[in-house]
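Take a look at the structure below.
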2 protein chains.
Amino acid sequence: MPYASFASMPCTLGRPAALLGERWTLLLLRQIFLGTRRFEDFQATMEISRSVLTDRLNVLLQEGVLKRVPYQEDGRTRHEYRLTDKGRDLYPVMMALRTWGEKWMATEEDESFHLHHRDCGGGVRAKVECTDCGAELTARDVQVTARP
Amino acid sequence: MPYASFASMPCTLGRPAALLGERWTLLLLRQIFLGTRRFEDFQATMEISRSVLTDRLNVLLQEGVLKRVPYQEDGRTRHEYRLTDKGRDLYPVMMALRTWGEKWMATEEDESFHLHHRDCGGGVRAKVECTDCGAELTARDVQVTARP
DNA sequence: GTAGCTGAGTTCGAAATACGAACGCAAGGA
DNA sequence: TCCTTGCGTTCGTATTTCGAACTCAGCTAC
């Protein structure tokens, strides 16, 4: 199976993994969650080639993760890329990555950014929980069964 | 900046994003969390080319996400790839992807698998919470500030 | 009007990656 | 001795990515 055909794989973990597992896509989403919205800014901050940037933005537009929104600048109409509701729902994925990075990949030189809850000032972390009892779960607590 | 040099980017979200954002890596991790452990089985279930599989496994070994563990089969010593503690801690990332996939990418044909809490049988989902007050957070609830 | 600037792409030849079929190799078994 | 298995490595071809140059539309200044 060529990589591209995972887009149609019948698995709700496999399809997102294939979509976000394309080179540059996760880094692009990181920029977007940090507030970058314009083609030129993506290009400048990530040093991605323009043609690949065009391609990745188009894929995310097609998937409905991003939308193009017109805005005005010095009287001209331009467009910026913004998250849709679907895209905004990727927040837990990004936070899970960051929580993992903080625990396992942190170095002295990291100077990224702080995140805190607007209301109470607390920290932010991703976790997995049981929808019934609310317990926090690890891989060991979870049983995998084939779907009927 | 070529993609590879994000490996040294001073950001605890950027580095994991670059590592897992390499083609095949997320799909490989999915297989691993589903229980695949041997080279041949990865190759067969994902139809990845052998050389790329070798490369990705080596990267994950080097990063300490996987380890090679010897085991016996018909008297011969072989090796299998297993998650380290660091690797097992990627579980929330996978569950966040799946939670998102279930919500936004589910189709009729999906026949992947069920997950449930061993103790109480409940469902499984990823979420982001405040480390102080425990509230569930979305992107809008979180303030981003440059690190001092 | 026209020359220049800017944001947002598009094009294209060269370099890096991925593909897949064939090969290598070590350890058992027939 | 030869065959099979698991696990890679090699190598020529096909696909992606790179980066510099080009395009194009809508101002702005002259």
Query raised in the report: Trp24(A) has a side chain; which of dT17(D), dA18(C), dA8(C) sits nearest to it?
Result: dT17(D)
**Report entry** Between C1' of dA15(C) and OH of Tyr3(B), the distance in whole Å
**Finding:** 19 Å
**Report entry** Taking every non-hydrogen atom, the tightest pair across Arg15(A) and Met9(A)
**Finding:** NH1-O, 2.6 Å
Requested in this report: May I ask you to evaluate whether Tyr81(A) reaches the phosphate of dG9(C), defined as a side-chain N or O under 4.0 Å from OP1 or OP2?
Outcome: yes
Query - Nucleotide dA8(C), atom C1' - distance to CG of Leu61(A) in whole Å - result: 13 Å
Query raised in the report: Does any non-hydrogen side-chain atom of Val65(A) lie less than 4.5 Å from one of Leu29(A)?
Result: yes
Query raised in the report: Within this structure, what is the CZ-to-P distance between Arg68(B) and dG6(D), rounded to whole angstrom?
Result: 15 Å
**Report entry** Expected output: side-chain Trp100(A) to main-chain Lys86(B) donor-acceptor under 3.5 Å
**Finding:** yes
Query raised in the report: Within this structure, what is the CG-to-C1' distance between Leu53(A) and dG9(C), rounded to whole angstrom?
Result: 9 Å
**Report entry** Arg140(B) backbone acceptor or donor facing Arg118(A) side chain under 3.5 Å
**Finding:** yes
Query - Any donor-acceptor N/O pair, Gln43(A) side chain to Ile48(A) backbone, under 3.5 Å - result: yes
Query - Length of the CD-P vector between Gln43(A) and dT10(C), whole Å - result: 13 Å
Query raised in the report: Looking only at atom types and distance, does a side-chain atom of Asp110(B) sit under 3.5 Å from a main-chain N or O of Cys11(A), one as donor and one as acceptor?
Result: yes
Query raised in the report: When the distance from CG of Asp55(A) to C1' of dT11(C) is rounded to whole Å, what number comes out?
Result: 15 Å
Query raised in the report: Tell me: CE of Met46(A) to C1' of dC18(D), nearest whole Å?
Result: 14 Å
Report summary line: By nearest-nucleotide position on DNA chain C, the 5'-leaning member of His79(A) and Arg56(B) is His79(A)
Query raised in the report: For Asp41(A) and dT6(C), what is the distance between atoms CG and C1' respectively, to the nearest whole Å?
Result: 13 Å
Query raised in the report: If only side-chain N and O atoms of Tyr71(A) are considered, is one of them under 4.0 Å from the OP1 or OP2 phosphate oxygen of dA8(C)?
Result: yes
Query raised in the report: If we ignore angles and hydrogens, is there a donor and acceptor under 3.5 Å between the side chains of Arg38(B) and Tyr71(B)?
Result: yes
Listed pairs, N/O of protein and of nucleotides 1-5 of chain D, under 3.5 Å:
| unit_1 | atom_1 | unit_2 | atom_2 | d |
| --- | --- | --- | --- | --- |
| dT5(D) | O2 | Arg76(B) | NH1 | 3.3 |

**Report entry** Over all atoms of both residues, closest heavy-atom pair of Glu136(B) and Asp141(B)
**Finding:** O-OD2, 4.0 Å
Query raised in the report: If the sugar-phosphate is the primed atoms plus P, OP1 and OP2 and the base is the rest, what is the B/S/- string for nucleotides 9-15 of chain D, using protein heavy atoms under 4.0 Å?
Result: BB-----
**Report entry** Polar side-chain atom of Tyr91(B) near backbone of Phe33(B) as donor-acceptor pair, under 3.5 Å
**Finding:** no
